[in-house]
Amino acid sequence: MATGKPAPGLTHDPAAVDAYIAGLDHPLKAELENLRRLILGVHPDIGENIKWNAPSFHLHDHFATTNLRSPEHVQLILHTGAKVKTLPE
């Protein structure tokens, strides 16, 4: 889905994510697929792979991973949280 190149040390493996989702037995599978399309559609350089046994997304570093342990929701874990970053002057 993404067309850009991953950052050094990161792998872009949409085939692994496709295989993971194809084998997934989760009542919110369609919602996961929609979330995936939404995230990947934000920027062409966003990559994806499997991290922590779930679809994960990266640009310069991993920034989000899904958590599908509950059948009642799809959780999106944001890796960097709500940290304030210093902007260059």
Side-chain angles (χ1 to χ4, degrees):
M1 290 185 169
T3 59
K5 295 180 181 177
L10 294 176
T11 59
H12 176 56
D13 196 354
V17 178
D18 288 340
Y20 177 91
I21 292 173
L24 185 64
D25 181 21
H26 194 283
L28 299 175
K29 184 176 180 175
E31 286 77 1
L32 172 63
E33 291 174 311
N34 288 335
L35 177 62
R36 178 188 184 200
R37 278 191 292 278
L38 178 71
I39 292 171
L40 294 175
V42 169
H43 194 278
D45 290 343
I46 293 176
E48 62 181 335
N49 58 13
I50 300 297
K51 178 178 179 170
W52 301 331
N53 195 34
S56 187
F57 305 94
H58 56 78
L59 191 54
H60 303 291
D61 197 4
H62 282 100
F63 63 84
T65 300
T66 57
N67 180 326
L68 305 166
R69 292 186 184 136
S70 171
E72 298 172 0
H73 60 267
V74 173
Q75 183 178 12
L76 184 64
I77 300 167
L78 302 177
H79 292 221
T80 58
K83 296 178 184 175
V84 175
K85 295 183 179 181
T86 304
L87 298 175
E89 293 186 29

According to a hydrophobic-cluster definition based on side-chain heavy atoms being under 4.5 Å apart (Ile, Leu, Val, Met, Phe, Trp, Tyr only), do [X] and [Y] belong together?
| X | Y | result |
| --- | --- | --- |
| V74 | L38 | no |
| L76 | V42 | yes |
| L35 | L24 | yes |

Inset, instruction - Assess the side chains of H60 and D45: does a donor N or O sit below 3.5 Å from an acceptor N or O? - result: no
Legend entry - Residues which pass side chain to side chain contact (heavy atoms under 4.5 Å, CB included) with I77, listed by chain and number, not counting sequence neighbours: N67, Q75
Legend entry - Partners passing side chain to side chain contact (heavy atoms under 4.5 Å, CB included) against I50 (at least two apart in sequence or in another chain): A16, V17, Y20, P55
With heavy-atom distances below 4.5 Å as the criterion, would you say the side chains of [X] and [Y] are in contact?
| X | Y | value |
| --- | --- | --- |
| I39 | F63 | yes |
| R36 | P14 | yes |
| H62 | N49 | yes |

Inset, instruction - Identify, with sequence neighbours excluded, every residue that meets side-chain hydrogen bond (donor to acceptor under 3.5 Å, both in side chains) alongside D13. - result: none
Using modelled atom types only, decide if a donor and an acceptor are shared between the side chain of [X] and the backbone of [Y] within a distance under 3.5 Å.
| X | Y | result |
| --- | --- | --- |
| S56 | A64 | yes |
| K51 | T65 | no |
| H73 | L28 | no |
| H12 | E48 | yes |
| H26 | S70 | yes |

Legend entry - Interatomic spacing from CD1 in I21 to CG in L68 - rounded to 0.5 Å: 8.5 Å
Legend entry - OG1-CG distance between T66 and L32, expressed to the nearest 0.5 angstrom: 5.5 Å
